[in-house]
Amino acid sequence: MKKKILSLLIISVMALNLTGCAMFESKISDIKGNLVGNGYTIDTFDNYGKRVMTTTGDKINIQGNPVETTSYDSDGSIITGYELSSVITITIDGQEIESCGDTCIFTQKGLEPNVDFTQEDIESNDNGKLSNNTYIANIINKYKNKFGKSRVIVIKSQLGQPITAYSGDKVYWTVPKKLPKMTKLMIDGKALYIHRANYQIIDTSLLN
């Protein structure tokens, strides 16, 4: 009985800790997107950063398209495998768009860009802290990313033209395994997908 109570307490504490975890919020967003769909605005841009189409929907999901591949082993036998094609399927309220090659930004409803943001040069100096050591900093920053930290996201076209910028106090990013050429971010609990675009994710402290 004591072991069961202890196990329940541990699970409860873990659940409370994960509630504020940006990585956990991202997983929940993925589950909802796959089952029901999330509300997004999809902006499509050309190579020069000019918006060419805007699509909105209440129940949107994004899926990659695996294609069968064949290769040969050392004995000459055929090996069959699968890899992601460059095509993504966007399901919008029951209808579909197949997209390949375009720069697309999927913004969850409620997430607003930083209209007045202007990119600036970044100058940083070491203050002698042990945490500035690159090996230690890499470990700390990977941990912080899972829980989210204050960051600015600058998005550019495939030719480097500025498109838009977002910022948040709790930002988490990941590269989805099942979506080609796409990065997913959670910004203060809202999802942002960047497809085929140049971007920078910058610690806010570097811009102050």
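Predicted, not measured: the structure shown is a model, and the values here were computed from it.
- Closest non-hydrogen pair, G57 versus I92, comes out as CA-CG2, 4.1 Å.
- Scanning both residues, S99 and I90, for their nearest heavy atoms gives CB-CD1, 4.3 Å.
- Atom NZ of residue K170 and atom CD1 of residue I187 lie 12.5 Å apart, to the nearest 0.5 angstrom.
- Remark: side-chain polar atoms of T56 are not paired, donor with acceptor, to backbone N or O of T41 under 3.5 angstrom.
- In terms of modelled atom types and a separation under 3.5 Å, the side chain of T91 and the main chain of I60 share no donor-acceptor contact.
- For the atom pair NZ (K184) and OH (Y193), the distance works out to 3.5 Å, reported to the nearest 0.5 Å.
- The distance from the CD1 atom of I155 to the CD1 atom of I163 is 7.0 Å, given to the nearest 0.5 Å.
- With rounding to the nearest 0.5 Å, the separation of CD1 in I153 from CG in N114 is 8.5 Å.
- Applying side chain to side chain donor-acceptor pair (under 3.5 Å) to T103 and the options K181, H195, K156, Q158 leaves one that passes, Q158.
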Under the side chain to side chain contact (heavy atoms under 4.5 Å, CB included) criterion, do D188 and D169 qualify, and how do the steps go? CA-CA 6 Å; D188 296 335; D169 295 323; 3.9 Å; yes

Residues L207, I202; criterion side chain to side chain contact (heavy atoms under 4.5 Å, CB included); working and verdict: CA-CA 8 Å; L207 300 174; I202 307 168; 4.1 Å; yes

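- Here T107 pairs with I105, L111, Y166, L192 under the side chain to side chain contact (heavy atoms under 4.5 Å, CB included) rule; sequence neighbours left out.
- Y172 has its side chain out of reach of K149: every pair of non-hydrogen atoms, C-beta onward, lies at least 4.5 Å apart.
- Interatomic distance, CD of E83 versus CD of E68, reported as 11.0 Å (0.5 Å rounding).
- A continuous path of hydrophobic side-chain contacts links Y199 to L185 [ILVMFWY only; heavy atoms under 4.5 Å].
- Proximity of L179 to I62: side-chain heavy atoms (C-beta onward) are separated by under 4.5 Å at one or more points.
- Following chains of ILVMFWY side-chain contacts shorter than 4.5 Å, one can reach I201 starting from V175, so the two form part of one hydrophobic cluster.
- Considering only heavy atoms from C-beta on, S86 comes within 4.5 Å of R196 through its side chain.
- No chain of hydrophobic side-chain contacts below 4.5 Å, direct or via other Ile, Leu, Val, Met, Phe, Trp or Tyr residues, connects F45 to L159.
- Checking side-chain atoms of S85 against main-chain N and O of V87 turns up a donor-acceptor pair under 3.5 Å.
- A salt bridge is defined here as a Lys NZ or Arg NE, NH1 or NH2 lying under 4.0 Å from an Asp or Glu carboxylate O, and R151 with D203 meets this definition.
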Could you walk me through whether Y72 and I78 satisfy the side chain to side chain contact (heavy atoms under 4.5 Å, CB included) test, starting with their C-alpha distance in whole Å, then the side-chain angles of each, then the deciding distance to 0.1 Å, before giving a yes or no? CA-CA 5 Å; Y72 298 89; I78 297 175; 3.4 Å; yes

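- Interatomic distance, T183 OG1 to I194 CD1, rounded to the nearest 0.5 Å: 6.0 Å.
- Residue-environment remark: NZ (K109) exceeds the threshold of 12 foreign heavy atoms within 6.0 Å.
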Check against side chain to side chain contact (heavy atoms under 4.5 Å, CB included), K50 and S157: CA-CA 8 Å; K50 179 181 178 182; S157 72; over 6 Å; no

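- Here the closest non-hydrogen pair linking Y40 and Q108 is CD2-N, 3.3 Å.
- Listed for the D46 side chain is a donor-acceptor partner under 3.5 Å among the backbone atoms of Y48.
- The pair K59-D93 does not count as a salt bridge, with every side-chain nitrogen at least 4.0 angstrom from each carboxylate oxygen.
- Using modelled atom types and a 3.5 Å distance limit, the side chains of E98 and T89 yield a donor-acceptor pair.
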